[in-house]
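Scroll down for the structure; my scribbles are underneath it.
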2 protein chains.
Amino acid sequence: MKPYLKEDEWSIIEEGFDQEKHEISESVFSIGNGHMGQRANFEETYSGETLQGSYMAGVYYPDKTRVGWWKNGYPEYFAKVLNATNWIGLQILIDDVELDLNNAKVSNFVRELNMKEGYLQRTFTAELTNGHQISVQATRFVSVAMKEIGAIEYQITPLNFDGHLKVVSYLDGDIMNKDANYDETFWDQVSESAEGARASVTVKTKKLDFVYSSMKETHVFHGEDSIQASSSDTKPKYAESSFAAPLTKGTATTIYKYAANVTNRDHDKNDLLDAARTVLDKAIHKGFSDLKTDQAKVWSEKWQDSDIVIEGDISAQQGIRFNIFQMNQTYTGEDARLNIGPKGFTGEKYGGSTYWDTEAYCLPFYLATADQRIPRNLLVYRHNHLEKAKENAGKLGFTKGALYPMVTMNGEESHNEWEITFEEIHRNGAIAYAIYNYVNYTGDKSYLGELGIEVLVEISRFWEDRVHFVPDKGVYMMHGVTGPNEYENNVNNNWYTNRIATWTLEYTLYALDYLKDTDESLHQKWLNDLQLKGEETAKWVEIIDKMYYPEDQDRGVFLQADNFEDKEIMSVTDLNSKHLPLNQNWSWDRILRSCFIKQADVLQGMYFLNHEFDIETKKRNFDFYEPMTVHESSLSPCVHAILACELGYKEKAYEMYLRTARLDLDNYNNDTEDGCHITSMAGTWMSVVEGFGGMKVRNDQLILNPFIPGQWHSFSFKVVFRGSRLLIRVTQDTVEVINETKQEVDVVIHGETYRINANGILQLNH
Amino acid sequence: MKPYLKEDEWSIIEEGFDQEKHEISESVFSIGNGHMGQRANFEETYSGETLQGSYMAGVYYPDKTRVGWWKNGYPEYFAKVLNATNWIGLQILIDDVELDLNNAKVSNFVRELNMKEGYLQRTFTAELTNGHQISVQATRFVSVAMKEIGAIEYQITPLNFDGHLKVVSYLDGDIMNKDANYDETFWDQVSESAEGARASVTVKTKKLDFVYSSMKETHVFHGEDSIQASSSDTKPKYAESSFAAPLTKGTATTIYKYAANVTNRDHDKNDLLDAARTVLDKAIHKGFSDLKTDQAKVWSEKWQDSDIVIEGDISAQQGIRFNIFQMNQTYTGEDARLNIGPKGFTGEKYGGSTYWDTEAYCLPFYLATADQRIPRNLLVYRHNHLEKAKENAGKLGFTKGALYPMVTMNGEESHNEWEITFEEIHRNGAIAYAIYNYVNYTGDKSYLGELGIEVLVEISRFWEDRVHFVPDKGVYMMHGVTGPNEYENNVNNNWYTNRIATWTLEYTLYALDYLKDTDESLHQKWLNDLQLKGEETAKWVEIIDKMYYPEDQDRGVFLQADNFEDKEIMSVTDLNSKHLPLNQNWSWDRILRSCFIKQADVLQGMYFLNHEFDIETKKRNFDFYEPMTVHESSLSPCVHAILACELGYKEKAYEMYLRTARLDLDNYNNDTEDGCHITSMAGTWMSVVEGFGGMKVRNDQLILNPFIPGQWHSFSFKVVFRGSRLLIRVTQDTVEVINETKQEVDVVIHGETYRINANGILQLNH
């Protein structure tokens with residue numbers, strides 16, 4: 001698809017109204033604040049194709065599954081992100097003709113997502129069926145400073161007439177999920193009220209007892225004159241206030257709508273309306289303009305920590321900022337009960353909120369750009385689900401240990417294809433790895449003794465139970481798994497899974513030793529609490545020692561799984577391009593039999609355990625697997641980009657970077673109307689910082705190995721590291737590191753260690 | 001479950017009404033005639049748990065699938081056996097109280113399926129809520145002689161009162177499939193009529209345009225006095241006639257209901273009512289008693305050819321006759337468009353009508369017990385689907401050849417799990433093997449040149465395209481298959497699949513040579529029609545030559561698939577019995593990783609290609625695989641029983657026999673309420689004839705190697721072979737072969753050849 005968005009450093013801009021792209025734009029222009037989010041639906045009625053979407057973080061529904069139930073141990077439910085009360089709605093009638101861009105002549109249409117200040121704005125001129133022309137400017141945001149508040153300013157200026165405006169400002173809680181498995185409505189009525197300009201709707205989920213109150217107040221001004229509500233009304237799950245206002249040619253009539261959206265996740269369910277009232281009053285007291293100023297301020301702080309600047313490539317600049325913006329819209333790390341859904345607040349596809357994407361791809365972004373407690377909360381989230389993960393292992397017949405779910409909302413498994421749910425168990429390794437990653441990056445080893453060790457031990461126990469010993473060969477093996485490459489299912493001895501399993505055992509033993517060395521009583525407490533005996537850890541040592549790893553000695557590469565060498569080895573370039581993407585053109589068995597790889601698998605191991613392999617080993621494996629990789633997961637190119645950078649494959653690195661950077665802006669996968677690919681956006685950030693920047697942390701030192709694509713003048717990024725914030729700027733000739741904080745810091749650049757003083761600057765040629 | 005049926009040589013008998021077992025009985029007591037069938041539902045209203053089921057052979061519905069659609073190449077539909085117009089219904093009101101065994105006191109309840117004469121009879125005494133006691137005898141059958149006719153005699157005798165009877169005799173076409181994926185109704189209204197005692201309902205399927213007319217006439221007699229219909233009525237998809245009759249204590253009031261059930265599969269859709277009228281008139285002219293006499297006569301002929309007599313074990317006798325009866329009820333071989341559904345006419349579970357069961361398990365029964373054209377029609381059925389099988393291969397991306405579907409109704413694939421649909425391709429081999437089996441048994445080699453060669457060549461082409469060459473090892477392999485053991489999925493080099501593939505190539509080359517030697521012009525015609533070139537057959541020779549077969553040299557066994565030797569090898573006896581059946585207790589991944597085998601896999605190859613392996617090889621493989629086999633497919637024990645017989649494992653053979661013989665009568669799998677396991681019934685017949693009888697045909701000779709289980713006095717079976725019919729009777733001491741025909745025949749018994757003259761008897765000690 002040809003790009004339809006205007007290039008701009010700080011905003012996403014659509015000029016001209018293209019109804020066919022409207023649902024894509026609804027996804028791309030979504031706004032969110034970690035607590036709630038809203039697709040870029042129009043406030044006024046729109047009778048064209050649209051996917052209305054308002055989402056409240058952590059509010060979900062266990063939708064009865066349609067698949068898999070006939071196999072023992074399958075989850076009965078798939079937890080769906082819940083589409084909830086529409087709080088943005090404004091019905092606009094102009095001399096009794098309803099404003100609806102599906103029926104009006106639209107011109108001067110501009111939609112802008114201002115990422116710098118965190119708001120969505122739309123301006124257009126519409127000629128209605130009665131010939132009346134109006135210009136409209138609609139601005140809205142969900143407040144980061146007041147997370148339960150959404151605010152709208154909607155300005156109508158008549159261009160060729162004087163007349164009458166009727167506004168119906170409503171809350172509509174009678175909402176269905178587009179992806180409901182049995183066309184069920186998930187919300188039940190609780191109560192509605194409407195009096196004057198204020199109205200509220202409370203609804204509750206049919207299961208799980210989530211209660212959600214939305215309360216709004218609407219202010220209407222003709223020029224400076226305030227207009228009172230003319231009437232109000234309710235029906236089940238719905239409430240409205242109506243206003244009648246004059247329209248004067250050339251004078252703006254302005255509607256302000258403030259909505260408080262509160263749930264019983266944060267308040268007692270009996271106090272919801274009070275809670276909504278309190279926060280709504282506060283927001284109204286501040287007023288739209290001040291709220292918007294606050295919003296710009298908070299976003300400015302976010303950019304302060306996480307911005308990436310690319311000079312000389314405005315398209316790349318826009319792409320990377322969009323990715324960072326969406327990451328920050330989706331997850332703020334304030335609430336350890338939340339996680340990073342694959343579509344964030346931009347759509348409802350996939351269901352569930354948490355995949356291994358969080359640990360494998362998102363964590364590094366928050367480690368490097370946010371306060372330490374924010375990535376830590378991602379770890380705590382999994383600790384909170386430990387009991388459920390143990391239950392999950394039990395359901396599958398394991399006698400010990402924890403198996404974290406493939407997809408979850410509350411810790412229970414909700415994915416439903418056996419080859420994934422039951423077999424793609426490497427996810428457990430990523431959850432252990434995230435603990436290492438956090439400790440390694442932040443140096444906060446106290447987390448191990450506090451919560452980490454418990455998760456590590458239970459995951460290690462799972463691996464112990466999951467491997468089996470083959471006496472004839474004297475080795476441990478792991479049969480029947482699906483690796484990160486989901487284009488092979490139910491294989492034996494996936495190299496990555498075997499290795500991440502033994503790595504978990506190694507790291508768990510390390511963590512136990514660390515506790516023993518540093519806090520014997522804490523160590524003893526955990527041994528007791530976990531009933532961890534010497535035989536158990538001895539068994540882990542034996543498994544580490546005797547694990548089997550498939551290798552192709554002739555080629556000098558690790559084998560993705562047993563028998564991989566017997567496949568017909570081909571390169572993606574050998575394929576007629578009309579066969580791509582394979583998942584839309586090949587039958588599943590053909591995909592499985594082929595050598596083609598959906599996403600990094602052996603190479604995922606080379607990325608995670610990067611320091612364990614010499615450069616030649618990495619090169620041989622990259623050279624073998626990269627040409628077979630079709631990157632039909634949005635999570636794939638970033639790992640390839642990072643390794644390509646390390647191996648000096650500059651062209652390949654830039655090619656891989658381009659595949660992620662503007663995935664949604666350019667709708668590469670032709671599915672952005674379902675929502676944006678949030679978790680893969682973190683991969684784009686990784687491509688720049690860990691790829692082009694070559695950033696890693698090893699032995700408590702920040703390491704940089706920067707290189708700059710030839711297409712760019714410069715790029716710069718910020719990282720927080722052990723209390724310092726550094727701005728790293730790379731040009732074609734120089735590397736510059738600016739310490740923006742008062743704490744001196746050592747940085748290793750291209751192998752040399754440099755000390756950068758408080759507020760100091762280091763500049764090197766390269 | 002404890003057996004609840006009375007033992008009897010010729011009948012299935014239930015004494016006493018057990019509502020909890022009613023749905024099981026509805027399956028077990030089903031009646032059918034190859035054209036239509038009917039579960040043993042009550043004629044009168046029954047408000048308890050029931051699965052109403054009336055089925056017309058070949059009438060089906062493409063129900064939109066719930067699974068698999070997200071994978072490329074999946075079938076969108078699953079063809080369902082259609083539950084159709086209820087033609088048996090009689091509403092019975094006695095002094096205005098409705099007869100309903102759910103609300104009455106029931107005594108003297110006896111249900112009998114008379115297998116010798118082919119009818120269902122039920123007698124009972126009921127005391128209604130008003131204290132009236134009646135005795136009822138209801139008899140019904142679907143006529144084998146007049147395949148579109150069903151007939152009911154329903155006799156009510158008041159025991160303690162005089163009163164009034166109202167009978168509403170109806171046809172109800174407003175029927176839903178229990179297994180409809182989206183609770184859809186599949187039938188649309190066409191027309192209804194009712195006049196006096198006669199009524200009709202015509203309905204059509206919402207898709208595929210099957211039109212079905214049911215026409216009935218009801219006769220009511222009080223003693224000898226005929227009662228006229230009092231009224232008639234229709235509503236959409238429904239028609240009824242009502243009768244009012246006196247009830248006199250001690251005098252029977254009798255209702256006869258004759259129904260003609262005709263479809264546009266056999267008649268022009270515009271002539272359906274005429275066709276129904278014609279056949280109905282004919283049936284009424286004959287009358288119930290003569291129809292029933294004819295039925296007994298036709299069944300007597302069927303038993304003449306196919307009976308098995310077991311002396312000294314009445315339970316085994318009843319079991320084997322039930323299996324033979326159901327086979328003959330399900331498929332008569334008259335109509336090459338039909339096949340043998342897994343539930344026959346006894347339920348709607350599984351959908352589709354044709355699995356590889358037909359070729360692998362059912363064909364031998366019809367070969368040995370029916371006229372040659374009947375098994376031949378099973379082959380023609382697949383020939384008729386050849387174009388669809390080629391399309392199916394094309395849909396999965398193959399450039400040549402035919403892949404027959406896993407499950408089908410019209411030749412299109414309708415199964416929906418990727419590991420089966422796409423991967424369980426050994427089914428193609430069974431379809432080729434059936435041609436061999438037919439030619440080998442009947443000696444009718446003309447079939448090869450007529451139709452067989454075309455199917456063989458296209459299946460061979462599929463195998464050619466499906467294997468791949470591994471240059472490093474110089475072998476052909478077949479990756480990504482599921483073998484007959486569905487407890488391993490997506491394996492590489494399943495021994496059975498690899499071998500049945502090369503066997504197909506060998507047999508196709510043999511068939512081509514045979515044509516060349518016997519009819520050069522026919523040979524040339526096929527080469528032209530099939531555009532079969534020398535390079536292609538040369539490639540087949542190379543594949544035969546270089547196919548890889550996994551073996552465990554140390555154990556001297558073929559490996560079920562690559563890496564099988566790396567599994568944890570255990571015996572079923574090592575398992576705690578509470579884990580069985582595995583498919584209800586173990587998660588799918590655990591089943592897949594385990595060594596446990598659902599049904600014969602390597603051993604299926606030993607059975608099919610029995611003559612290729614010496615006894616020691618068979619023994620080693622049997623000894624290795626049998627202890628790991630859980631027989632959780634009803635198709636498994638028969639193959640094990642036959643091999644156990646050959647290997648002299650008498651106890652094991654009898655144990656395996658018992659697992660199939662009374663599967664449904666004793667509801668072993670606890671699922672008979674869904675319908676009977678029709679195709680596995682053929683396996684029971686195989687266990688006796690090919691197992692205990694040791695019957696096979698080799699080099700145009702009939703071979704017997706009989707042995708008799710110690711529990712039996714004798715067993716005898718009949719086989720038709722090359723124009724002779726032989727009765728083989730085996731006692732503990734003797735083998736007796738009686739030639740019931742005028743043609744002399746040679747039989748090889750325990751390695752010695754004997755000639756048996758026309759109507760001659762051979763008796764041997766053993």
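Chain letters run A, B, ... following the sequence lines, proteins first and then strands; every chain starts at 1.
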For A:E419 and B:W418, which I'm curious about, is there any donor-acceptor pair between the side chains at under 3.5 Å? yes

Contacting region of B:D554 [heavy-atom separation from chain A under 4.5 Å]: neither

Roughly how far, to the nearest 0.5 Å, is NE2 of A:H479 from SG of B:C595? 12.0 Å

Below 4.5 Å, heavy atoms only, C-beta onward: do B:N563 and A:N563 meet side chain to side chain? yes

With a 4.5 Å cut-off on heavy-atom pairs, point out which of B:E423, B:K473, B:R590, B:E568 contacts chain A the most. B:K473

Specify which of A:D566, A:V470, A:L592 makes the most heavy-atom pairs with chain B at under 4.5 Å. A:D566

Let me confirm one number: the CZ-CG distance from A:R593 to B:N492, rounded to the nearest 0.5 Å. 10.5 Å

Quick one: side chains of residues 392-400 of chain B, donor-acceptor pairs under 3.5 Å with protein atoms, not counting sequence neighbours, listed by atom name and distance.
residue	atom	partner	partner atom	Å
B:N392	ND2	B:L403	O	2.9
B:T399	OG1	B:D465	OD2	3.2
B:K400	NZ	B:E464	OE1	3.0
B:K400	NZ	B:E464	OE2	3.0
B:K400	NZ	B:E536	OE2	2.8

Going from CG on B:N490 to CG on A:D589, what distance comes out if it is rounded to the nearest 0.5 angstrom? 9.0 Å

Honestly, the part of A:N489 sitting under 4.5 Å from a heavy atom of chain B is both

Could you go step by step and tell me if B:E565 and A:D472 meet the side-chain contact (heavy atoms from CB on, under 4.5 Å) rule? CA-CA 9 Å; B:E565 77 282 13; A:D472 291 354; 5.7 Å; no

